[in-house]
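Working notes, structure below.
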Amino acid sequence: MKLILIILLSCFNVVVNAMFAQGDVYKHVADQIISGNPKLKELKYEIESQHLSKKAENMLPPLDLDFEAVWSTERNEKKWSFGVSQSFDFPGAYRARKKEIKANYQANQKLFQASYINELQQAYELLIDVAYCNKAIDLSQTIVNDLKDIEELLNNAFNRGESTILEVNKAKIEYANNLVVLRDFKERRESCINKLKNLGCSILPDGTIDYPIAELLDVDKYISLLNEDPDIEYLIRVQKAKELGIKVKLMEGLPEINVGYVHEFEEGVSFNGFSIGLSLPSYSGFKLKEAARAEALAADWSTRAARIEKESSIYTLHSQAVAMRELYDLLAPVFYQTNHLRLLGKAFNGGQLSAIEYLREVSYFNESEKNFLEVEYRYQLALMGLNIILYLNQI
């Protein structure tokens, strides 16, 4: 009894460790993207550079220094003046721009998050592709090994006059066809791994990668998650920044003020005073304000259009996922609970199937299982596209 318990606990630990290791693959890739993805690094520094530049532009301009000296050629008299002045926008403009700059920065933070999700989704799609290739490679390798044995068996039988050249050639063709398929899947997996490297990720080529553990939720749940979608949040914050920009243009259309100190020296007497000036608003200020209002309206409609497009995409993906899951639930017991090649091998060795019949049946079940793996792969892709926001919340 103790031995049975130990065996069960060992099996449980293997399963649990495999699940955690599987989760670690996707978590590890997510961490690699945030720390080493070239596009995200570039975007991060562009956002910071733009923010600092806007803050610098919202500061007071440099002081203006003026000096003037004149003298008479007929009389030994000199006259000179010195002045210091400062120009600044109408009070309230700097505060309005500060709010706009903050809103733009917050929007760009959401843009960064949206870009991260886009890179993460590409990486997860590649991982799912690798998992699919692993399954297809295992299947193809088993078939290739089996067909190699059959080809050698029939070739030896042909030499003994016990099989026909037709059977031998068909076995060779089936072996070659499946060998090509095996090599194609290996090349596809290698390509996926290289694409992951371009995203800043690295995985072990021979590592065990399976599909992520995920659940298909009700479509209304995915629609509600749009409120957390960074693409939508980015557009909403852009719209807010555009609305704040209307007030900025309004304040910038008001007179600019110039205040200064003046010192003059004439005929041995010093004069001290001040200067003040206003720049009169122009008609272009009104046009700029109207342009800002139009940009805010355009941002509003852009947000609405993006939400409609996202909802449409969710309904499409969910419909695909439901259809693929129905096929998966139907076929999974067929292929995961039955070893068709082993049964066919028994029938062939027992004389119940001829070589031609055996090869035909192998080809049929081979294609059927490949189609099943394709169904599973498409289901996982649709599921990942729906759950990407949920994955983000778990990171």
**Asked** How are the rings of His263 and Trp80 set to each other: parallel, tilted or perpendicular (split at 30° and 60°)?
**Response** tilted

**Prompt:** Are the side chain of Gln86 and the backbone of Pro61 linked by a donor-acceptor contact shorter than 3.5 Å?
**Reply:** yes

**Request:** Run the ring-centre check on Phe274 versus Tyr261 and record whether the distance is less than 6.0 Å.
**Result:** no

**Request:** Would you kindly say whether Asn178 and Ser140 are connected by a side-chain donor-acceptor distance under 3.5 Å?
**Result:** no

**Prompt:** So, Lys110 and Asp231, do they make that salt bridge, N to O below 4.0 Å?
**Reply:** no

**Item:** Distance-only donor-acceptor check, side chains Asn156 and Glu152, under 3.5 Å
**Value:** no

**ring pair (Phe, Tyr, Trp, His ring centres under 6.0 Å): pairs with one or both residues in residues 81-103, sequence neighbours excluded** = none

**Prompt:** So, Glu264 versus Ser270: side-chain donor-acceptor pair below 3.5 Å or not?
**Reply:** no

**Item:** Sequence neighbours excluded - ring pair (Phe, Tyr, Trp, His ring centres under 6.0 Å) pairs with any residue from residues 225-252
**Value:** none

**Request:** Could you tell me whether the side chains of Asn387 and Tyr222 share a donor-acceptor contact shorter than 3.5 Å?
**Result:** yes

**Request:** Say whether, by atom type as modelled, one donor and one acceptor occur between the side chain of Asp300 and the main chain of Ala296 under 3.5 angstrom.
**Result:** no

**Request:** Run the salt-bridge test on Arg293 and Glu290 with the 4.0 Å N-O cut-off and return the result as yes or no.
**Result:** yes

**Asked** Below 4.0 angstrom, N of the basic side chain to O of the carboxylate: do Asp184 and Arg188 qualify?
**Response** no

**Prompt:** Quick one: are the ring centres of Tyr211 and Tyr379 less than 6.0 Å apart?
**Reply:** no

**Asked** Does the ring center of Phe271 lie less than 6.0 Å from the ring center of Phe265?
**Response** no

**Glu374-Tyr132 side chain donor-acceptor pair, cut-off 3.5 Å** = yes

**Message:** For the residue pair Asn108 / Gln50, report whether a side-chain donor-acceptor contact shorter than 3.5 Å exists.
**Reply:** yes

**Request:** Run the salt-bridge test on Arg97 and Glu252 with the 4.0 Å N-O cut-off and return the result as yes or no.
**Result:** yes

**Prompt:** How would you list all residue pairs meeting ring pair (Phe, Tyr, Trp, His ring centres under 6.0 Å) that involve residues 32-56, not counting sequence neighbours?
**Reply:** His51-Tyr105

